[in-house]
Structure formats: C-alpha cells, structure tokens
Amino acid sequence: MDLISDSDDGDGFQWESDEDDGDAIPPSNPPLPPDSAAGTSGKVSEASSSRSELVSHFMAMGFSEDMVVKAIEENGEGNSEAILETLLTHAAIEKSPVKREQSPIDCTFSSDEDVLGDDISDVSNFEYSSEDEDYTEGTSDKDRKLSVLVEMGFPADEAFSAINRCGPSASVLEIADSIHAAQLAADSAPTEDDLFPNWSENKAASSYACGSSVKNKRKLYEMKKMKQRGSFLDRKKPCFGQGNLDEGFRSGLTIPKPMIGFSLPNQKMKPANRILPEAAIGPPYFYYENVALAPKGVWETISRFLYDIEPEFVDSKFFCAANRKRGYIHNLPIQNRFPLQPLSSRTVQEALPMTKKWWPSWDPRTQLNCLQTCIASAKLTERIRTALANSDDPPPERVQRFVMNECKKWNLVWVGLHKVAPLEPDEMEMLLGFPRDHTRGGGISRTERYRSLGNSFQVDTVAYHLSVLKDMFPNGINLLSLFSGIGGAEVALHRLGIHLRNVVSVELSEINRNILRGWWEQTNQTGTLIDIADVQQLNGDRLEQMINMFGGFDLVIGGSPCNNLAGSNRYSRDGLEGKESALFYDYFRILDLVKNIMGKSF
DNA sequence: GTTATAATGACTCTACCG
DNA sequence: CGGTAGAGTCATTATAAC
C-alpha cells in the first residue's frame, strides 16, 4: 500500500488499515549505541536450535528477523519477556509513521483473566487528616455534608450520590441511612465486578502483613491502615467468609508489563472497546494522571473514586527518549488515537546527537530514566571523570559498575571524553514535548525550571490519549485544567490542533502560572484563559457560574501532586493522605461537582 | 531574601534460586 | 513457596553562596 502523505497532519491517521502490506521493519535501525553484542562478555550462548525457535516465534508476531536477533542478543535467550519489550520499544522507535509494522499485542493483552467474582474495591478507608479543617471553608452546604459523611467513614462517591438522592433538605443522618440502604442493596447484587475483566488480584499481598523485619515507620503505616480499616464500612460482602481480614493490605490491580496502556501508535491491533461504568460516562470527559509506582493501595483508591475506571498505565519511553511510568484514568474513547507529529526521537543518542560521539561502548543505555526535579551534583560528575581518567580504556568492571550506577541514578549523558553531565533544562523541555525555552526567562531560576519540568506531563504521551477529541470537537473545547503546572495539557491540545476556547487553569505556583500565561500569549491564542491559584477556592457556586458562562466544560484534566507518592521522596512518602497528594480529593470533588452541575442543566 | 549545591534511603516490583 | 538481590523512583532538607 502506499504512503499517507505527511501533509496529512494528524487528521487522516488511521492505524487500523486492513492489509499488512509490509511487515518489514526496514533494516535501518535507529542508531544503536556502539555497543555491539560481541563486546560485552559474550552473553550469547549457542543453543542454536532453541534460538532459531525463539526467532521464528517472534517473527511470527510480525517482527523482522533482523530486529529479533538483535533483541535476543541484547537480552539473552532466556528472557522472552524482556525480548518482547525490547522489540516493542524498537518497533515504537521506528520513525516513519507510514510504515506500520504489525505488533504482537494480542499476546500481551489478555493474558490473565482470572477474575473470580472477588471484590477488588477494598478502598473505602478514607479519612481527611486533622489538618484539613479548612477544607470545608468556602464550600457549599453540599460539600460540608460530604465532608462530614466522609469523616464518618463513608466512601465519598457513595456519599455524593446519596446527597443528591436525598435532596438538599436531608440531614446528614438521613443521608447516612440512605447510603447504608444502598450498600445493602449492592450486597445482594452479585454482579459489578464483571465490568473489569482485566483486573487481577495479587495473591501474594497477604504476606505483606507478616513481614518479619518491619521498621518503625512501616509499622506506623500499617497500624494507621489497620485503624482506618476498622472504621470504614465494607462496601460489599466478602466473597469468601472471613477472607477480608487482609483486605486493607491487598492490592487489587496489577500493572501490566510492558507498560503500554490500552494501545500504542504504530500498533496494528485495535484496542477492544471498553465498557465504562455508567457513572463514569461524560459529559464532561475527564483525564487524571499520577505516578504509576505509588505506594500500595493508592491506585485502588484513586480508581474507586474515579467511578471505578481501570487505570491505563503507560511508560512514556514508548513516546520519547526517557522513561516515565504513569497511570491515567479517563473516560475518553480509546479507538482511533493518533500520535503527535513529528514523532519524538526515542533514543538518547538520537534526541541528543552530540552525546553519540562520546557515548562509550560499555554504556548500553538507549533511553534515559525518569526525568525528575533534581540533578546530579558537580562533585559527582567530577568523581566519575577522575575515576575514568585513571582507568584503562575499557575501564575495569568495578569502575564500570560505579559509573553506570550513577549514570542511571542521575540520568547523566556523555558530553566529552570521560565527561558526563546532567540534562540541561532545554533538553528536558524537548524530551517532555514542550517548545524550546518554554520555561525559560520571565524571572524563573534554573532550579525552578528543573522543578517545574520534573513535575510535568510528557506531552506526546498525553496528546496521544487526547487525540480522539479532535474529531469530536472541531470547533474547539472548553477546558478545566487542575494542577496545570507548566501547561502540559494545554500544550498537548494545542499541538494536536484542538482549539482552546475557554481554559480555566488552576495552579498554585505563580511561576508556573506565568509560564502558562506566557505561552498562551506567545502562541496567539484566541480563546480566554482564566487562572486560579487555589483549588480550594473552586466551589460549586463558582463552577456553576463558569459552566453557565461557557456552556459547560468538555474536558476536566489534571495530575494531582505526586510528591507524597513518589519513590524519590525520603521524608514524606505518606501516600494519598499526604499533605499535597491529598489534593487528589479536590480533583474528585471538583470533577464530581462539574458532572452534577452539567448533568442538571445540560 | 533568594538561589544553587550536595547529601539524604525506603518502598516496590521483579527475577532468580533452591 | 520463601528468601535474596537488583533496579528504579514527577523529592526534601540543610547549608553554602550569591
């Protein structure tokens, strides 16, 4: 088949074309590091029979022999999972969007279907921490009732429904009764789990409680959970007698490997049509983001609040040259997605061509790890330089291990002989999909740039998910953007060619608000941008006013603070109840308000 | 007062092995 | 099945420098 012309610019992309014209991935692979399998301590064993079997196995999935051989050499024969991941990565790297190769997704998707009728929703252990008193300030009567009910131990989503059900004059006690009744009714209805065929249960989780060497902090954490567990009402009957004893420790969902979400660009297979729970269906559409590797139970809670939608876990390494493992919960359609153009480079050597010259053969990295908010110290890069300068050309094993460890930990790249360095802010902008100098100038310090960038969306990834909106809203959208940061959502939509009619952006940091405002003016937006500093100020009245003014929001998007969830946090990784990360509940609060207001008058 | 610098582990998940 | 080792992570804090 022939090529889709480049001028097509997004509109006409269709990945579901019928024929597998050219399987073939052109042999011109992206420039791999000069690593070359021969160099590294001959891991390639020769059991050629099993090997050729492996090769044909993957070729049957549609990968070229060339690629398969390379992938096997990289990972060793034993590790077929890793081989597959490498193949997927390289397939995604393939530049030209017109040369679709078919990908083997069938085998990675529906592998586990072992969902018994078991309860996956353990998560009603929700309490506002004591310092959240001011949560109720400036909010409506409805909000106050919700807050009280939640403190009583009711799941907020159920409390919300009950408040609406009972009407404005109902007392808290009446509402509580109503919730209870609804729970009893739900208990007798056996279905509901059937909606999530992909969720599986982590059976090993029960061993979590009996770990022998628990540190103090850990104990506290567990005791806290225990305490909370005692206080909430079970939403449904446990399926197996007293089996809910470890309910609070169970993690109900697993993160798929490879972390490709519901679909990737350049992938032949169409994602199956998912069935969303009734309460999840818009308007408005919504899109929520946070770190994938959060403490246990966090995503269960988030999902539970966001209408029981299954999270889509995606690693941005399939969209750019750096890892970024994130979970997304949204109610968008997932068919007919298309990627942002031009496609971003998916190897460091390609994205940062200057580094290629200095990249030593014993550094096998082709992609960076997650871009974070801090960079390596100059002392460290100097230690590395002297260590290498005092070694032979291929440095001894010990030195290599030291250097590789630090390079991975701090995302260092090669910028000279024996010289490694952290990324520059503009390089981070590029890797994350922002225009050059997006965060530069306007009185923003370098440190602040790193911080803001480290907290941002990866634009290509998000844009791929949002691309389905383009055909649905040819006249543009009204956007409610919470925790906007440096405007990843806005940039993604703009780059998709989706007109931004009215944007209400909520962002605490003045620096970030300035960045977004600067971008807005610089890109000659014709819509209106309203920025608000504090989510707490966004109450029902204000939302109702804006909704009436704009005719409703088409999309509510936001990634709530991750700092109490992120693994790098050594001081306050307190989970969803942490000081900042608890703002997730404001995302839910506002989203649900918008849904209710729009549900009434539209 | 603001900005840059450097030092500061733990929690998960996974692969592997016996 | 349990133990172990390895790897990766949208960060916070104290201090120096400006």
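Chain letters run A, B, ... following the sequence lines, proteins first, then strands; residues in each count from 1.
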Rounded to the nearest Å, what distance is computed from the [atom1] atom of residue [X] to the [atom2] atom of nucleotide [N]?
| X | N | atom1 | atom2 | result |
| --- | --- | --- | --- | --- |
| A/I444 | B/dA4 | CD1 | C1' | 17 Å |
| A/E580 | C/dT12 | CD | P | 7 Å |
| A/L253 | B/dC13 | CG | P | 10 Å |
| A/I511 | B/dT3 | CD1 | P | 7 Å |
| A/K408 | C/dT9 | NZ | C1' | 14 Å |
| A/M259 | B/dT14 | CE | P | 9 Å |
| A/E289 | C/dC10 | CD | C1' | 7 Å |

Check every strand shown and say whether A/N323 touches a base, only sugar-phosphate, or nothing at a heavy-atom separation below 4.0 Å.
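Sugar-phosphate contact only - A/N323 comes under 4.0 Å of backbone atoms but never of a base.
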Could you tell me if the ring centre of A/F584 sits under 6.0 Å from that of A/Y288?
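Ring centres of A/Y288 and A/F584 closer than 6.0 Å.
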Would you call A/R385-A/E382 a salt bridge at under 4.0 Å N-O?
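Yes, A/R385 and A/E382 are salt-bridged.
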Nearest to the A/K257 side chain among B/dA6, B/dT14, B/dT8, which nucleotide is it?
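My answer, after comparing the listed nucleotides, is B/dT14.
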Can you tell me which nucleotide in B/dA6, C/dC10, B/dA4 comes closest to the side chain of A/R446?
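Looking only at side-chain atoms, A/R446 lies closest to B/dA4.
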N/O (side chain, [X]) to phosphate O (OP1/OP2, [N]) under 4.0 Å:
| X | N | result |
| --- | --- | --- |
| A/T373 | C/dA11 | yes |
| A/S568 | C/dA11 | yes |
| A/N369 | C/dT9 | yes |
| A/T447 | B/dT3 | no |
| A/R573 | C/dA11 | no |
| A/S445 | B/dA4 | yes |
| A/N563 | C/dT12 | yes |
| A/Q372 | C/dA11 | yes |

Going by atom types alone, do A/Y287 and A/H465 pair a side-chain donor with an acceptor below 3.5 Å?
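Yes, because at least one side-chain N or O of A/Y287 sits under 3.5 Å from a partner of the opposite role on A/H465.
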Most 5' of A/E448 and A/A294 on DNA chain B, judged by nearest nucleotide:
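Counting from the 5' end, the first nearest nucleotide belongs to A/E448.
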If you find the nucleotide of DNA chain C closest to A/L293 and the one closest to A/R451, which residue's nucleotide is nearer the 5' end?
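This one resolves to A/L293.
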What is the pairing partner of B/dG9, taking Watson-Crick or G-U wobble pairs with both distances under 3.5 Å in any strand?
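Here B/dG9 is not engaged in any pair, so there is no nucleotide opposite it.
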Is A/R446 atom CZ crowded by more than 12 heavy atoms from other residues, nucleotides or ligands, each under 6.0 Å away?
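Yes, because the 6.0 Å sphere around CZ of A/R446 holds more than 12 heavy atoms from other groups.
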For A/I444, the option from A/N512, A/I515, A/T439 that meets side chain to side chain contact (heavy atoms under 4.5 Å, CB included)
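The single option meeting the side chain to side chain contact (heavy atoms under 4.5 Å, CB included) with A/I444 is A/I515.
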